[in-house]
Amino acid sequence: MEFASIAEALNARGRTAIRWCTPSLNPALLRVHEPYDSDASISFESFGLPMEPTGLFRLAFEKAAVVFGSEHTLFSVNGTTWSNFVVIKALAKQVPNLRVLASRNVHRSVVGACEDYGVRLMFLPTRMHERFHTFIPNATNEILDGIARTKPQVLLLTTPTYEGLTVNLCEVIDRARKLDPRLVIFVDEAWGAHLHFSPRLPVSAMAAGADICVQSTHKQGGSLQQTGMIHWQGNRINTDLVTDAYRTLGSSSPSYLLLASLEAAGAELAANGSDRLNHMIDLAGQLSDAVASVPGFAIADIHEMTPGVEVDRDTTKVIVDVSGSGLSGYEVARRLELDHSVIVEAYNVSTVLLLVPFGATLADVATTRVSLETIAKERGPRLEHQLDLPGSLPKVLELTDVSRLLPEQLEDVPLLEAVGRICGEHLTPFPPGIPTTIKGEQLTAELVAYYDQLRLIPNVHIAARNPSLESICVVR
Ligand SMILES: Cc1ncc(COP(=O)(O)O)c(C=O)c1O
């Protein structure tokens with residue numbers, strides 16, 4: 001390992017790398033000076049209490065609600081992962097025997113929270129783009145059919161997707177409410193903290209009329225890593241239960257630095273968000289042109305990706321199709337980071353995903369183009385991974401309800417012997433962190449072959465009981 005500590009690595013690389021990734025830190029934020037000297041705790045009684053909230057904290061939450069167009073807002077210092085636990089805990093208390101219908105691209109925190117709070121999680125049909133290995137949004141009719149068929153009390157949509165594609169949220173909400181006026185609409189808007197601030201971006205969950213949403217403000221809202229917000233409105237959400245879950249699950253010592261950064265991100269978005277996002281969207285256009293000018297690299301065509309589905313998209317994101325280069329997205333991302341200090345947001349077999357952060361410049365675009373040109377020229381002799389990943393991930397998702405399995409009902413078997421078995425754990429490749437297999441799904445031959453190749457790629461990390469995936473946990 002090149003560095004002896006995390007601090008050393010951040011000091012050496014954090015500032016100098018070109019970032020097309022989170023955290024999208026807004027350089028104009030009101031900053032805490034000398035964070036190591038200025039950090040504080042609830043012992044500073046005159047500041048108020050963050051978890052109640054009172055004092056400065058209550059004020060900050062109220063201001064954020066106005067800025068983000070909600071009625072109530074709470075700050076998270078443990079990302080959207082934690083916010084999902086808070087919201088699902090509150091909803092599980094509000095609705096006995098809660099049934100949630102969700103799009104399949106849920107984050108693992110959703111699956112974990114539903115399991116912990118005894119919530120029945122049901123899925124809409126999986127929609128994946130075959131070649132790009134990415135989830136794409138469900139069509140409105142698919143969502144409405146799912147509601148009519150499963151009669152959930154909560155509809156949970158993960159929109160935008162990781163790649164920035166969104167369902168037609170206004171239409172979905174409007175028509176879902178006609179089917180069931182009591183249906184709670186919960187949006188995992190981890191990737192959409194910035195949407196509310198530019199008419200050039202898809203509509204935000206709150207503006208579209210969702211009841212509750214969670215956002216990772218650190219991803220695209222400008223604040224420090226690990227920060228997020230929960231917003232809600234209207235009378236379908238029990239506010240006391242949300243604040244109760246917030247208090248019981250939250251640390252009694254949340255980071256004041258992170259809370260300050262969240263408050264500053266909201267204030268900055270309110271003051272200058274539209275101008276900044278205009279700049280970022282234009283820069284994403286310039287980045288797309290620069291990337292597409294390099295032989296072997298192309299920009300993914302969204303309409304080709306989502307046939308028959310009306311989607312909108314976040315134009316601060318650029319999906320690069322690398323398949324013409326003869327390299328996989330894994331390899332392009334690795335070379336960009338190790339040889340050129342250019343960090344991309346995510347990668348898979350045929351794409352790399354570039355996210356334009358607040359701090360990006362035209363000089364970053366130029367350097368990235370030169371880096372890709374170098375990689376394209378060097379391609380031949382350095383081709384390291386000949387991948388033969390399947391064209392699509394299986395869509396067979398007949399979920400067996402295994403939420404109450406006891407440890408003795410599970411066993412570990414070698415990966416290649418798991419074909420046809422019911423998976424007893426969640427398998428989540430990073431990036432992007434969305435489970436490709438959820439506990440209770442069947443491990444098809446295609447899926448096992450996929451994992452068998454994926455596990456050997458150096459810059460892929462699989463969150464699993466045995467991260468090497470030599471063995472896998474299945475139901476006996
Ligand atoms: C859809 C979705 N929800 C939740 C999360 C978790 O967010 P955080 O990293 O802020 O905890 C992620 C993370 O990538 C995500 O993609």
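As the structure lists them, so they are numbered: ligands from 1, and atoms in each ligand from 1.
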- request: Specify whether W232 and H72 have parallel, tilted or perpendicular ring planes, treating 30° as the upper limit for parallel and 60° as the lower limit for perpendicular.
  value: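 Parallel, since the angle between the ring planes stays under 30°.
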- request: Indicate the ring-plane relationship of F85 and Y117, choosing parallel, tilted or perpendicular according to the 30° and 60° boundaries.
  value: perpendicular
Which bit of [X] is near ligand 1, meaning a heavy atom under 4.0 Å away: side chain, backbone, both or neither?
X: W191; value: side chain
X: Q226; value: neither
X: D188; value: side chain

Counting from 1, what ligand 1 atoms have a heavy atom of [X] closer than 4.0 Å?
X: H218; value: 8 (P), 9 (O), 10 (O)
X: S216; value: 7 (O), 8 (P), 10 (O)
X: T81; value: 6 (C), 7 (O), 8 (P), 11 (O)
X: T158; value: 1 (C)

message: My understanding is that only one of E345, H107, K219 makes a side chain to side chain donor-acceptor pair (under 3.5 Å) with Y162; could you say which?
response: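 Only one of E345, H107, K219 forms a side chain to side chain donor-acceptor pair (under 3.5 Å) with Y162, namely E345.
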message: Can you tell whether the side chains of R313 and E163 come within less than 4.0 Å, N to carboxylate O?
response: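 Looking at E163 together with R313, the answer is no, because their closest N to O distance does not fall below 4.0 Å.
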- prompt: Are the charged groups of E337 and R13 less than 4.0 angstrom apart, N to O?
  reply: no
- request: State which residue, out of V187, D312, D314, V311, fulfils the side-chain contact (heavy atoms from CB on, under 4.5 Å) condition with T166.
  value: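 Among V187, D312, D314, V311, the one that satisfies the side-chain contact (heavy atoms from CB on, under 4.5 Å) with T166 is D312.
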Tell me, which protein residue and heavy-atom name are nearest [atom], and how many Å apart are they?
atom: atom 9 (O) of ligand 1; result: K219 NZ, 3.2 Å
atom: atom 12 (C) of ligand 1; result: H107 CD2, 3.2 Å
atom: atom 8 (P) of ligand 1; result: T80 N, 3.4 Å

field: Pairs where residues 422-442 contributes a residue and the test ring pair (Phe, Tyr, Trp, His ring centres under 6.0 Å) is met, not counting sequence neighbours
entry: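 For residues 422-442, and leaving out neighbouring residues, there are no ring pair (Phe, Tyr, Trp, His ring centres under 6.0 Å) pairs at all.
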